[in-house]
Amino acid sequence: MKKILLAGTILILGFAGVIPQLLAEEQVNSLRGDHALDENSIEPEMKNWQLDRDPIARDHVKQPPLIPHKTQGYTINLKFNKCMSCHSWTKYKDAGATKISQSHFEDRDNNVMANVAARRYFCTQCHVPQVDAKPLVENTFQPLPTVK
Amino acid sequence: MSLKDKYKNLQGWLAGFSVITLVVSAFALGIIFWGGFNWTMEMTNTEQFCISCHEMEDNVYMEYQNTIHYSNRTGVRATCPDCHVPKEWGHKIVRKIRASNELLHKVLGTINTREKFEANRLELAQHEWARMKKTDSRECRNCHSFDSMDYTAQGRRAYKRHIKAVDDGQTCIDCHKGIAHELPDMHEVDASVVVGQKSK
């Protein structure tokens with residue numbers, strides 16, 4: 001009898017939301033911080049794309065270099081790849097751009113294509129333009145001194 | 001009534017008017033026709049008119065909305081006629097007459113689906129490229145010109161090539177294809193800007 005009473009009380013308290021409330025005391029902070037759910041979130045400041053500049057130093061071997069220029073409006077679709085209009089082997093000299101790496105011509109079976117391979121076609125999968133933004137998570141990566 | 005009589009009759013009829021009335025009414029008619037003509041020219045020179053055909057609205061207009069000439073930092077917009085219809089009177093008339101070809105193809109349904117449009121796109125684009133090349137990109141230069149560019153305010157990729165372009169006599173469309181719409185399939189035009197095929 002007593003056991004049933006106890007269980008009943010716990011259940012009722014639980015449903016009344018006491019238990020969740022007690023548990024919530026030690027809340028884990030999500031990425032949105034301790035900002036209440038029903039308040040409007042704080043708008044992050046808008047960032048501008050960085051202007052064209054020198055190539056950005058690479059941190060490790062085989063790193064896809066970051067894009068040191070604006071890329072808004074650059075179309076990449078089945079019919080045309082804007083990036084290649086400056087980075088292809090026939091265009092890079094006139095454009096003063098870095099020649100696209102030959103590694104980009106190989107498909108996954110090591111066949112060498114006549115131009116950029118399908119798996120490297122969507123450049124911005126790996127190469128990204130930059131804004132001046134603080135990283136959300138601290139990064140302590142250091143390149144090996146020998147390959148710096 | 002013989003032809004001569006008819007002529008006499010007309011003369012008599014005309015005599016009823018004073019010379020002044022004649023001149024004035026001719027003048028008035030002229031204004032009406034001229035006004036109507038100009039009005040038609042104006043009406044057919046708006047974006048609204050261009051996209052009244054779904055061929056224009058569903059394809060090029062949709063794509064143009066994602067570009068800098070539709071929405072940009074300064075809020076100045078370039079519309080279809082700004083780039084496609086000459087401002088100067090004589091050139092404008094010529095372009096308008098050519099455009100009656102579009103009416104014909106509207107009726108023929110040459111590009112009335114997206115598939116048909118894409119299939120014809122290279123040809124249409126090549127017409128535009130040729131036209132702009134021939135006129136030294138006249139419509140672009142109605143708004144932009146090398147002379148009024150502040151090279152120090154441009155990106156480093158831009159000013160280097162612009163300065164060289166002036167020396168080499170290149171024109172805007174040589175380098176700025178696809179500025180307002182998606183480009184046609186470029187496989188035939190330039191194999192270096194599309195995905196590579198297996199080399200044999």
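In what follows, chains carry the letters A, B, and so on, assigned in the order in which the sequence lines appear, proteins first and then strands, with residues in each chain numbered from 1.
- For chain B, the nearby parts of A/D54 are the backbone and the side chain; heavy atoms of each come within less than 4.5 Å.
- In this structure, no portion of B/T67 lies under 4.5 Å from any heavy atom of chain A.
- Proximity to chain B (any heavy atom under 4.5 Å) is shown, for A/A118, by both the backbone and the side chain.
- Contacts between A/S85 and chain B at a heavy-atom distance below 4.5 Å involve backbone atoms as well as side-chain atoms.
- Interface remark: B/R156 contributes backbone and side-chain atoms alike to the contact with chain A (heavy atom separation under 4.5 Å).
- Heavy atoms of B/L183 lying under 4.5 Å from chain A belong to its backbone as well as its side chain.
- The environment of B/K164 atom NZ is sparse: at most 12 non-hydrogen atoms of other residues, nucleotides or ligands sit within 6.0 angstrom.
- With a threshold of 4.5 angstrom between heavy atoms, A/Y74 approaches chain B through side-chain atoms but not through N, CA, C or O.
- The part of A/N77 that comes within reach of chain B is its side chain, from C-beta onward, which places non-hydrogen atoms under 4.5 angstrom from that chain.
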Between A/M113 and B/K198, is a side-chain contact (heavy atoms from CB on, under 4.5 Å) present by the stated rule, with each step listed? CA-CA 5 Å; A/M113 301 286 148; B/K198 216 176 240 181; 4.1 Å; yes

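- Just one of A/K91, A/K79, A/H87 meets the side-chain contact (heavy atoms from CB on, under 4.5 Å) condition when paired with B/V193; it is A/K91.
- From A/N111, atom CG reaches atom CD of B/Q197 across 12.5 Å, with rounding to the nearest 0.5 Å.
- By number of non-hydrogen pairs under 4.5 angstrom with chain B, the leading residue of A/R120, A/K82, A/H69, A/Q72 is A/H69.
- Of the two parts of B/R121, only the side chain, counted from C-beta on, holds a non-hydrogen atom closer than 4.5 Å to a non-hydrogen atom of chain A.
- Only the backbone of A/L78 comes within contact range of chain B, with at least one heavy atom under 4.5 Å from a heavy atom of that chain.
- Residue A/N81 touches chain B through both its backbone and its side chain, counting heavy-atom pairs closer than 4.5 Å.
- The only member of B/H187, B/K177, B/M186 that meets side-chain contact (heavy atoms from CB on, under 4.5 Å) when paired with A/F80 is B/M186.
- When every heavy atom of A/N115 is checked against every heavy atom of B/A191, the shortest pair comes out as ND2-O, 3.2 Å.
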Evaluation steps, side-chain contact (heavy atoms from CB on, under 4.5 Å), between B/Q154 and A/D52: CA-CA 9 Å; B/Q154 289 191 343; A/D52 297 2; over 6 Å; no

